[in-house]
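For reference, positions follow the sequence shown, starting with 1.
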Amino acid sequence: MPELPLEFVEQMKTSLGTDYPRFEAALNRPAPVSIRYNPSKLAVDFPPSGEKIPWTEYGYYLQERPKFTYDPLFHGGMYYVQEASSMLVEAAFRQTMPSADGIKVLDMCAAPGGKSTLLASLLGNGSLLVANEVIKSRYHILRENLSKWGWPNIVSTSSKPESLGGLEGLFDFVLVDAPCSGEGLFRKMPAACDHWSPENVALCANRQQSILEHATRCVKPGGILVFSTCTYNELENDGSANFIIERGNFGKVDIETTHFPGLTPTRLGYQCYPHKVEGEGFYMAVFRKENQSFPGKGKKKKKGGKSLKTFKKENIKNVLPFLQKQGAELTFFQGREDEIRAIPTNIFDGVPQLMNQLPFIEAGVSLGLLKNRKFIPSHELAISNLIANEFPCVQLSTPEAIKYLKRENIHNNEWPKGWTLVHHQHLNLGWIKPLGNRSNNYYPKEWRIRN
Ligand code: SAM
């Protein structure tokens with residue numbers, strides 16, 4: 001049982017009344033374990049046999065917590081370990097977006113990437129996801145998780161909300177999964193109790209409203225803004241959501257929840273409590289921007305600016321065999337120095353605008369380095385959905401795959417020479433390069449299993 005701050009206990013007793021003992025009892029039970037699988041990476045044994053989470057197509061409860069670190073499928077992006085309540089964002093998306101095709105989605109506070117990977121799984125043809133994490137040290141884990149998820153229609157960035165707000169009226173669906181006091185995580189992360197104080201709650205509410213101010217700008221007229229937190233605190237939840245209403249051009253959207261037993265409606269949103277749903281504390285409110293344009297000042301679109309160097313297919317002939325359909329539906333462009341990247345052609349047009357407005361972006365998938373026409377494929381390509389299915393590969397058992405993921409030496413004299421994909425249960429884990437009597441292990445050093 002986490003040692004709950006006294007003022008928090010008083011606050012919960014006031015808001016829950018006679019339900020408080022059930023809430024406290026739930027905090028004494030272990031938190032449920034849940035995962036959400038990647039619909040683009042169907043290896044074996046998926047979907048799992050556990051109980052399905054009612055508000056999401058791809059989420060399941062597990063009977064017990066396995067050692068995810070020692071599951072190669074986890075490292076290959078076959079699934080994401082995500083707390084069940086937070087998958088409710090899927091219901092907001094499915095119930096408000098008339099089509100998943102040809103839309104632009106922004107996840108404004110994205111690291112470590114739980115909701116970005118969820119949103120990516122919901123997007124259809126010609127749709128773009130921009131995943132942002134302002135804190136640089138947290139951006140890397142976001143990028144790692146997006147790379148493992150493997151979808152090419154994502155642009156990641158580390159930008160301030162002000163810069164994103166400058167993309168006025170661009171997005172059909174904006175999620176602000178805001179930094180908060182984390183009351184809903186006290187059971188899973190008791191250390192969060194130590195950082196809780198009424199002063200910190202007030203600070204969080206102010207920060208949320210400042211983020212929301214910019215988020216409201218970049219929603220398209222008629223588009224959706226979802227605000228969520230992992231707290232129960234009214235000041236941060238309905239309090240900050242009320243700020244959206246006060247902007248004057250957003251209306252509350254009701255979500256159909258009859259199939260989601262236990263969800264508690266609040267004045268402006270929905271609250272998950274651990275004594276009423278199988279999940280942690282989570283709050284979500286959904287708003288639609290009215291159709292007339294926003295009266296605020298906003299930044300003007302930057303004109304001109306940086307441009308992207310693109311590659312013609314005839315100049316990258318040695319890259320194409322690595323790609324599904326020889327990269328037929330992709331546009332190729334330069335990333336850093338010798339880096340070559342690819343993004344679906346039907347969303348490429350949106351990239352220069354993002355590049356000019358935001359200080360830093362990584363668009364699509366890094367394919368590798370092209371130096372003097374010699375191509376060195378990237379790890380991101382190996383685990384992406386762009387990689388050619390028929391590329392040479394070696395199948396590894398679980399113990400062999402763990403050795404590979406620890407970046408240890410593995411070799412078999414019968415393996416084909418040259419760039420070879422490492423497979424575990426038909427899921428790509430990365431590259432290996434057998435040279436005859438030994439093999440080079442190309443698993444990224446910074447991602448390796450360390451113990
Ligand atoms: N959406 C993420 C997921 O599902 O994995 C979790 C996001 S977490 C609740 C909130 C994020 O907001 C953190 O990654 C934090 O670094 C970021 N953040 C902190 N201060 C911020 C600010 N002033 N503006 C925008 N984001 C901020």
Side-chain angles (χ1 to χ4, degrees), residues 1-36 48-56 59-71 74 79-89 91 112 114-115 177-202 204-205 228-239 257 259-266 269-285:
M1 168 74 175
E3 203 172 313
L4 301 173
L6 286 179
E7 282 161 296
F8 167 74
V9 172
E10 287 313 312
Q11 168 198 301
M12 293 311 290
K13 282 184 175 166
T14 308
S15 75
L16 293 176
T18 53
D19 241 9
Y20 180 79
R22 286 178 61 219
F23 169 75
E24 200 182 275
L27 295 191
N28 274 314
R29 293 195 289 272
V33 182
S34 49
I35 61 165
R36 185 174 38 75
S49 55
E51 191 192 331
K52 205 165 179 292
I53 299 168
W55 41 82
T56 160
Y60 287 80
Y61 295 108
L62 303 183
Q63 301 277 332
E64 53 191 32
R65 192 175 186 89
K67 282 205 161 135
F68 292 114
T69 309
Y70 291 101
D71 181 5
F74 169 68
Y79 60 89
Y80 190 95
V81 183
Q82 188 173 33
E83 185 285 299
S85 306
S86 57
M87 298 182 207
L88 198 59
V89 169
K115 295 179 194 68
D177 185 36
C180 69
S181 59
E183 294 170 359
L185 300 179
F186 285 174
R187 168 167 68 172
K188 248 177 82 180
M189 300 159 63
C193 296
D194 301 340
H195 304 291
W196 189 92
S197 68
E199 294 73 31
N200 191 36
V201 166
C204 287
S228 62
T229 71
C230 52
T231 197
Y232 311 106
N233 204 287
E234 263 179 65
L235 186 68
E236 295 177 72
N237 292 346
D238 278 357
T257 59
H259 301 298
F260 312 152
L263 211 62
T264 308
T266 65
Y270 302 89
Q271 183 78 56
C272 297
Y273 290 106
H275 60 292
K276 295 175 90 178
V277 300
E278 277 296 293
E280 301 311 280
F282 183 72
Y283 169 88
M284 180 181 86

[X] side chain to [Y] backbone, donor-acceptor under 3.5 Å:
| X | Y | result |
| --- | --- | --- |
| Q271 | T231 | yes |
| W196 | E7 | no |
| R36 | G114 | yes |
| Y61 | E278 | yes |
| S34 | Q82 | yes |
| T266 | G269 | yes |
| S86 | E83 | yes |

Would you say that [X] contacts [Y] through its side chain, given a criterion of any heavy-atom pair below 4.5 Å between the two side chains?
| X | Y | result |
| --- | --- | --- |
| H259 | P54 | no |
| T264 | K276 | yes |
| F282 | M284 | yes |
| L88 | L263 | yes |
| T257 | P265 | no |
| Y273 | D19 | no |
| V81 | F74 | yes |
| F260 | I53 | no |

Subject >> Carboxylate-amine/guanidinium proximity below 4.0 Å for R187 and E280 >> reply: yes
Strictly under 6.0 Å, is that where the ring centroids of [X] and [Y] end up?
| X | Y | answer |
| --- | --- | --- |
| F8 | F186 | yes |
| Y80 | F68 | no |
| Y270 | Y283 | no |

With no hydrogens and no angle check, do the side chains of [X] and [Y] hold a donor and an acceptor under 3.5 Å apart?
| X | Y | value |
| --- | --- | --- |
| N200 | S181 | no |
| E51 | Q63 | no |
| Y79 | D71 | yes |

**OP:** For atom CD of Q11, decide whether the heavy atoms of other residues, nucleotides or ligands shown that lie under 6.0 angstrom number more than 12.
**Re:** yes
